[in-house]
Amino acid sequence: MPELPEVETIKIGLAKLLPGQTISRVEHDWPKSFPNAPTDVENFLIGAKVKEVRRRAKVLLIDLDSDYTLMIHLKMTGQLVYRSEKDRFGAGHPTESLIGKLPDKSTRVTFDLSSAKGKAKLFLNDQRKFGWVRLMPTVEVPNVDFLKKVGPEPLEASFTDKAFKQRLLKRPNTSIKAALLDQTVIAGVGNIYADESLWGAKLHPATHVNKVSDRAFNILFKELQYVLRLSIEKGGSTDKNYVNAEGKKGSYMSFARVFRREGQACPRCGTIIIKTRVAGRGTHLCPKEQKFVGAAK
DNA sequence: CACTTGACCTGTCCGC
DNA sequence: TGCGGACAGGTCAAGT
């Protein structure tokens with residue numbers, strides 16, 4: 001569920017909190033959450049100081065002054081929550097907070113941090129255990145399979161409508177929704193923003209890519225950028241358990257037009273929004289405005 | 001090769 | 001109330 005806007009929101013939060021902090025200890029209770037921890041932690045993690053926090057696609061990168069990087073993928077239910085000692089590591093925030101005392105039963109990895117300002121902890125929580133952290137030399141980051149194959153960032157200024165169309169046409173015979181979700185086509189789009197942008201462009205998610213007109217590509221591009229930017233501004237989407245670096249929810253869901261709004265009125269035409277299945281995913285659409293125009297020839 | 005489906009997991013919800 | 005099964009959806013591996 002963390003998609004581009006959610007991971008970006010966490011990145012913005014951690015970028016204010018982590019740089020300058022030294023990692024003093026790490027614990028993990030689920031080996032798959034931190035596969036290479038045993039071999040590299042002592043030498044390259046403990047005692048290292050955080051230099052910078054970055055994001056690429058849905059991946060978070062925490063660069064350390066040991067020239068190692070923590071690469072983190074939250075997959076579906078991952079949370080990365082920072083608590084300072086002042087917060088007693090878990091009093092919780094009075095408002096907007098989804099989680100209370102930490103660690104909780106979904107905590108998989110705990111990093112202890114220290115700086116001149118005091119002690120803190122960073123918790124990787126993950127109910128479903130799909131997420132992971134890996135430690136690797138910073139220079140190796142670009143060579144990780146996923147990052148070698150992943151497509152361009154949709155909000156980069158250099159990413160144009162022309163490039164958008166070109167990338168999607170890499171998958172001419174699949175549905176436009178499957179192409180949007182394909183991380184090797186474009187980085188960072190998941191189920192929420194695929195549905196939201198397709199509604200914006202009045203495109204049926206099952207429309208085959210080679211049936212999409214130039215005009216529709218251009219509108220879809222603008223709509224995708226719009227929903228991603230709006231969501232970052234609103235702190236992301238909290239559907240079930242997404243929270244930012246401070247444990248707070250994002251509010252995009254109250255601005256969503258179709259996602260999780262089956263049974264409600266389409267904001268443009270009033271038709272009841274339906275939920276169906278496209279590209280193996282739950283898919284929300286307005287059946288009047290998003291007509292299926294036919295499969296590829 | 002292009003594309004789709006299943007596995008990885010756990011919590012929640014729905015029907016019986 | 002309890003219980004089985006479907007469902008949630010990011011990515012990789014396996015299948016068509």
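Atom set for the values below is all heavy atoms of this structure, side chains included, hydrogens, waters and symmetry mates excluded. Please read all numbers here as calculations on a predicted model, not as lab measurements.
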Separation of [N] [atom2] from [X] [atom1] (nearest whole Å):
| X | N | atom1 | atom2 | answer |
| --- | --- | --- | --- | --- |
| Asp104(A) | dG11(B) | CG | C1' | 13 Å |
| Glu262(A) | dC13(B) | CD | P | 14 Å |
| Leu168(A) | dA2(B) | CG | C1' | 16 Å |
| Asn241(A) | dC9(B) | CG | P | 18 Å |
| Ile176(A) | dT4(B) | CD1 | P | 13 Å |

Looking only at atom C1', what distance separates dG11(B) and dC12(C), rounded to whole Å?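 Here dG11(B) and dC12(C) have their C1' atoms 23 Å from each other.
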Using the P atom as the reference point in each nucleotide, state the distance between dC3(B) and dG9(C) in Å, no decimals.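 Comparing P positions in dC3(B) and dG9(C) gives a spacing of 23 Å.
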Counting heavy atoms not belonging to Lys75(A), are there more than 12 under 6.0 Å from its NZ?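 Yes - once you tally the heavy atoms of other residues, nucleotides and ligands closer than 6.0 Å, there are more than 12.
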Does Lys162(A) have more than 12 heavy atoms from other residues, nucleotides or ligands lying within 6.0 Å of its NZ?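 No, the 6.0 Å shell around NZ holds no more than 12 heavy atoms from other groups.
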Can you get from Val133(A) to Ile62(A) by hopping between Ile, Leu, Val, Met, Phe, Trp and Tyr side chains that sit under 4.5 Å apart?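 Yes; tracing contacts between hydrophobic side chains, which count when under 4.5 Å, links both residues.
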Ring-plane angle category for Phe164(A) and Phe217(A), please: parallel below 30°, perpendicular beyond 60°, tilted otherwise.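 Taking Phe217(A) first and then Phe164(A), their aromatic rings stand perpendicular (interplane angle over 60°).
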Would you please classify the geometry between the Phe159(A) ring and the Phe221(A) ring as parallel, tilted or perpendicular, with 30° and 60° separating the classes?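 Answer is perpendicular, since the angle exceeds 60°.
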When you measure from the centre of the six-membered ring of Trp199(A), is the NZ or CZ of Arg268(A) closer than 6.0 Å and no more than 45° off the axis?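 Yes - Arg268(A) lies over the ring of Trp199(A), closer than 6.0 Å to its centre and within 45° of its axis.
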Among residues 223-234 of chain A, which ones have heavy-atom contacts with DNA chain C below 4.0 Å?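 Within this stretch, nothing sits under 4.0 Å of the strand.
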Side-chain N or O of Asn173(A) versus OP1/OP2 of dC3(B): is the shortest distance under 4.0 Å?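 Checking Asn173(A) against dC3(B): at least one side-chain N or O falls below 4.0 Å of OP1 or OP2.
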When you compare the side chains of Asp126(A) and Thr77(A), does any donor N or O come within less than 3.5 Å of an acceptor on the partner?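 Yes, because at least one side-chain N or O of Asp126(A) sits under 3.5 Å from a partner of the opposite role on Thr77(A).
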Say whether Glu233(A) and Tyr252(A), considering side chains only, have a donor N or O and an acceptor N or O under 3.5 Å apart.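 No, no side-chain donor-acceptor pair sits under 3.5 Å.
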Ring centre gap for Phe111(A) and Tyr82(A) strictly below 6.0 Å: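 Aromatic pair excluded; centres sit 6.0 Å or further apart.
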At under 4.0 Å between heavy atoms, how does the protein contact nucleotides 6-11 of chain C? Give one character per nucleotide, 5' to 3', with B, S or -. --BBBB
Paired stretches of DNA chain B - 3 or more consecutive Watson-Crick or G-U pairs, each distance under 3.5 Å: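 Only these stems qualify: B:2-8 with C:10-16, B:10-16 with C:2-8.
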Donor-acceptor pair, side chain of Ser106(A) and main chain of Gln127(A), under 3.5 angstrom: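 Not a single qualifying donor-acceptor pair exists.
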Please check if the side chain of Thr238(A) supplies one atom and the backbone of Tyr242(A) the other of a donor-acceptor pair under 3.5 Å.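 Present.
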